[in-house]
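Since we're looking at a predicted model, the values are computed, not measured.
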Amino acid sequence: MVDRASAGELHEDFGRESLQLSKALEKMTEQMENISVHLTWMAYDMVALRTNPQLAKSLRRLEDEYLQCKAVIYGSTDKKNVDVHCAAVDHGAARD
């Protein structure tokens with residue numbers, strides 16, 4: 001037979017385990033919600049890009065401008081890589 005002291009400890013252990021399980025489930029639920037939101041935005045972006053081809057061109061141009069600004073901020077060491085990338089993107093835009 002279980003004495004009262006050990007029964008109290010078992011009840012306390014069960015309470016702690018239950019609390020840990022609740023926290024773990026809450027964390028997993030929050031992660032799944034974040035993944036769902038991210039997936040929804042990805043699907044929205046894909047639909048928007050497919051229905052509006054100008055948007056894809058605008059995004060490429062925005063990326064080019066970002067890379068140029070980054071080159072200016074970080075100095076000339078990255079500028080060479082940015083110039084090569086921009087030349088490749090300009091060549092690709094000319095084909096579009």
Side-chain angles (χ1 to χ4, degrees):
M1 204 169 194
V2 178
D3 63 351
R4 290 182 183 236
S6 63
E9 289 175 9
L10 287 174
H11 182 68
E12 189 176 306
D13 289 342
F14 178 74
R16 264 185 292 203
E17 288 178 13
S18 179
L19 182 61
Q20 289 174 347
L21 181 61
S22 293
K23 287 181 181 180
L25 287 173
E26 184 177 339
K27 185 177 179 181
M28 282 190 237
T29 302
E30 188 174 325
Q31 289 173 341
M32 290 306 298
E33 287 173 354
N34 290 337
I35 290 170
S36 296
V37 169
H38 187 71
L39 183 62
T40 301
W41 277 110
M42 287 174 59
Y44 173 80
D45 289 344
M46 186 169 44
V47 169
L49 288 173
R50 287 186 178 180
T51 57
N52 187 357
Q54 292 293 12
L55 183 59
K57 290 178 183 178
S58 296
L59 287 174
R60 272 189 246 128
R61 183 167 178 250
L62 180 62
E63 182 182 12
D64 292 342
E65 296 295 328
Y66 164 76
L67 291 173
Q68 289 175 357
C69 290
K70 184 177 173 183
V72 170
I73 291 171
Y74 288 115
S76 60
T77 57
D78 286 11
K79 188 169 178 19
K80 181 179 178 183
N81 293 334
V82 171
D83 289 340
V84 169
H85 176 74
C86 288
V89 171
D90 288 342
H91 179 67
R95 282 185 290 154
D96 292 340

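- Annotation: the span from D45 atom CG to L59 atom CG amounts to 8.0 Å, rounded to 0.5 Å.
- In this structure Q54 satisfies the side-chain contact (heavy atoms from CB on, under 4.5 Å) test together with N52, K57, sequence neighbours excluded.
- Side-chain heavy-atom separations under 4.5 angstrom define the hydrophobic clusters, and M42 shares its cluster with no other residue.
- In this structure, M46 stands alone, with no Ile, Leu, Val, Met, Phe, Trp or Tyr side-chain heavy atom under 4.5 Å from its own, directly or through other members.
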Atom pairs and distances, donor-acceptor, side-chain atoms in residues 21-29, under 3.5 Å, two or more places apart:
residue : atom : partner : partner atom : Å
S22     : OG   : S18     : O            : 3.0
T29     : OG1  : L25     : O            : 2.8

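- For the pair D13 and R16, the salt-bridge criterion is met [side-chain N within less than 4.0 Å of a carboxylate O].
- Under a 4.5 Å side-chain heavy-atom criterion applied to ILVMFWY residues, the cluster that includes V37 comprises W41, Y44 as well.
- Distance CD/E63 to NZ/K70: 10.0 Å, rounded to 0.5 Å.
- Through side-chain heavy atoms spaced under 4.5 Å, either directly or across other Ile, Leu, Val, Met, Phe, Trp or Tyr residues, I35 is tied to M32.
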